[in-house]
Number of protein chains: 2
Amino acid sequence: MSAPSIRARVRAEMIGEIKAVARRHLATDGANLSLRAVARDMGMVSSAIYRYFPSRDELLTALILEAYDALGDAVEAADAAADPRDLRGRWHAACRAARGWALAHPAEYALLYGTPVPGYAAPDDTVGPAQRPPLTLVGILRDGLAAGAITPPPAEELPAPVRADLAELAEAFFPGLPEALLARGMAGWTQLFGLISFELFGRINRSMAHRDAYFDHQIRLMADLVGLPARPQVPSEE
Amino acid sequence: MSAPSIRARVRAEMIGEIKAVARRHLATDGANLSLRAVARDMGMVSSAIYRYFPSRDELLTALILEAYDALGDAVEAADAAADPRDLRGRWHAACRAARGWALAHPAEYALLYGTPVPGYAAPDDTVGPAQRPPLTLVGILRDGLAAGAITPPPAEELPAPVRADLAELAEAFFPGLPEALLARGMAGWTQLFGLISFELFGRINRSMAHRDAYFDHQIRLMADLVGLPARPQVPSEE
DNA sequence: CTCGCGTCAAGAGCAGTGCTCTCGTTTTCG
DNA sequence: CGAAAACGAGAGCACTGCTCTTGACGCGAG
């Protein structure tokens, strides 16, 4: 006997279908998701949606959560698929995975990293999934440090208050990680986000024809900055 | 005799006041600007606004243009106020000016660099003002190169197609600038945008208490990456 | 000075939005 | 089996951008 009743199962299916239709609308119509349009597409009346989601914002939150997880999955999977000792390979794979997901799901990426919706406040359960991509990047640095392939930058380059903030952050996620290395990891994450956003929001399209290669080059620059060693084999690939 | 008639003058004043009220609404209510609310604030009826702006998007475009120019002014003025030979000083001043303007006008910054409005396509007359901040940053690099303070990175580090794109770009704005140096300037600009966006869109607030110092440090890292020489005097300031 | 053109603000109206409430119907569970 | 919960539909509210019409006003030409 299935513990969830028939009603609970059809309810779960409804929630899933609403999210699917909403995601489709998001992809075509942009960020201004219309509850009524979603309801229409499902042959329902708008008020019926409220049986499943208490408000439009809650629907958006559900989509945001799923998007964070999808992006996190993509980045972590790309990192895990690479040779663990090939730090640059992992770095590039993770960054490319993030860009690839963003290009494949531009509307959802905009939902995550675009302008915050005016009245909308991200609930606390989004912060965990949101941290997965940067944690993946910094994790590569931690592994490199543990393997002796990365020499940590001197902590003296950090102003004291920044160092304190970073120490607290490192304590929570990567105990023992040098603060200056964490700062560089965050620089890499910031750059990755900026690159993807520029490309997706159309600030680079006019001037750059070969965007894949441009992205790779910029990621390479950041890999240099964070101190990743050169790859043992030939660096050229696709 | 004033060439513009009384009617033309009051019309110009009306346009200015509408923009001012709209900017105020933008600052308080976020990106979803309501034409009717603006009209209400001016004691007018919504349809009257259409005498001055053919649509809401046109009003937004006007605000965007002004915002681009304000940001460009701030960045260029900060660069111009610094000692021309103090490359790092200019770099930091320009970056700080961009961040300062963004923090002072978050809604307008979001309008410029946030999610593009779904139906909205940026008209061509926005691309010029939009390029002023990055051109300022790259201009600092060009001056450093001319003064012999910056050694250009080897062009071989660039993939051929990227180099071609960058060469075309450099030809248009900084003839003779090495492509690899331009790429680093764009990296700096991307990082600056990413830093400001992260801070403004609330992705850094939870973990970073001293945001001014954090920003300065990250900007310093990028100044290292682009190859700016160390400052002659003591680097601490403020 | 006057007439007519062009500009202006106002109002009604249309189609759309998020959301609430009520009303029968259906399913679930004690 | 009957009470309770969940469900879909519909009406309605306040709001949005935008269009069209109407009447009043300024302004320059005759």
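Every value quoted in this text rests on a predicted model; they were computed, and no experiment measured them. Below, chains carry the letters A, B, ... as their sequence lines are ordered, and counting in each starts from 1.
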Interatomic distance, A/Tyr214 atom OH to B/Asp165 atom CG [nearest 0.5 angstrom]
10.0 Å
Checking A/Arg142 against A/Phe174: charged group under 6.0 Å from the ring centre and within 45 degrees of the axis?
no
Greater than 12 external heavy atoms within 6.0 Å of A/Glu168's CD
no
Quickly work out the A/Phe53 CZ to D/dG8 P distance and round it to whole Å.
13 Å
With a cut-off of less than 4.0 Å, is there a side-chain N or O of A/Arg36 near OP1 or OP2 of D/dG10?
no
Given C/dC8, is OP1 or OP2 found less than 4.0 Å from the side-chain N or O atoms of B/Arg11?
yes
Of the nucleotides D/dT22, C/dC19, C/dC23, which has the atom closest to the A/Arg51 side chain?
C/dC23
Assess whether a salt bridge exists between A/Asp212 and A/Arg96, defined as any Lys/Arg side-chain N lying under 4.0 Å from an Asp/Glu carboxylate O.
no
How many whole angstroms separate atom CD1 of B/Ile18 from atom C1' of C/dA9?
12 Å
Quick one: B/Arg9 CZ to D/dC27 P, roughly how many Å, whole number?
10 Å
Select base, sugar-phosphate, or nothing to describe what A/Ser46 touches, counting heavy atoms under 4.0 Å on all strands.
base
Take atom CG of A/Leu59 and atom C1' of C/dG18, then tell me their distance rounded to the nearest Å.
12 Å
Integer-rounded Å distance: C/dT17 P and A/Asp41 CG
11 Å
Could you please name the option among C/dT17, C/dG11, C/dC19 that lies closest to any side-chain atom of A/Ala37?
C/dT17
With side chain to side chain contact (heavy atoms under 4.5 Å, CB included) as the test, would you mind laying out the steps for A/Arg220 and A/His92 before giving the verdict?
CA-CA 8 Å; A/Arg220 210 173 303 131; A/His92 276 79; 4.0 Å; yes
Of the candidate nucleotides C/dG18, D/dG17, C/dC21, which contains the atom at the shortest distance from the side chain of B/Tyr50?
D/dG17
Side-chain N or O of A/Ser34 closer than 4.0 Å to phosphate OP1/OP2 of C/dG18
yes
Integer-rounded Å distance: C/dA9 P and B/Met44 CE:
5 Å
Look at all strands and tell whether A/Ser55 reaches a base, only sugar-phosphate, or nothing, counting heavy atoms closer than 4.0 Å.
sugar-phosphate
Whole-Å distance between C/dA15 P and A/Arg40 CZ?
13 Å
Could you say whether A/Leu33 or B/Val45 is positioned toward the 5' end of DNA chain C, judged by the nucleotide with the nearest heavy atom to each?
B/Val45
Roughly how many Å is it from CE in B/Met42 to C1' in C/dA9, rounded to a whole number?
12 Å
Which of residues 21-28 of chain A have a heavy atom under 4.0 Å from DNA chain D?
none
Using ring-ring contact (aromatic ring centres under 6.0 Å, His included) as the criterion, list what pairs up with B/Phe198, not counting sequence neighbours.
A/Trp189, A/Phe193
Could you tell me whether the side chain of B/Gln218 and the main chain of A/Met186 form a donor-acceptor pair under 3.5 Å?
no
Let's see if you can work this out: which of C/dG18, D/dT16, C/dA9 has an atom nearest to the side-chain heavy atoms of A/Leu35?
C/dG18
Between B/Tyr52 and C/dA9, is there a side-chain N or O to OP1/OP2 distance below 4.0 Å?
yes
Distance-only, no hydrogens or angles: does the A/Thr190 side chain make a donor-acceptor pair with backbone N or O of B/Gln191 under 3.5 Å?
no
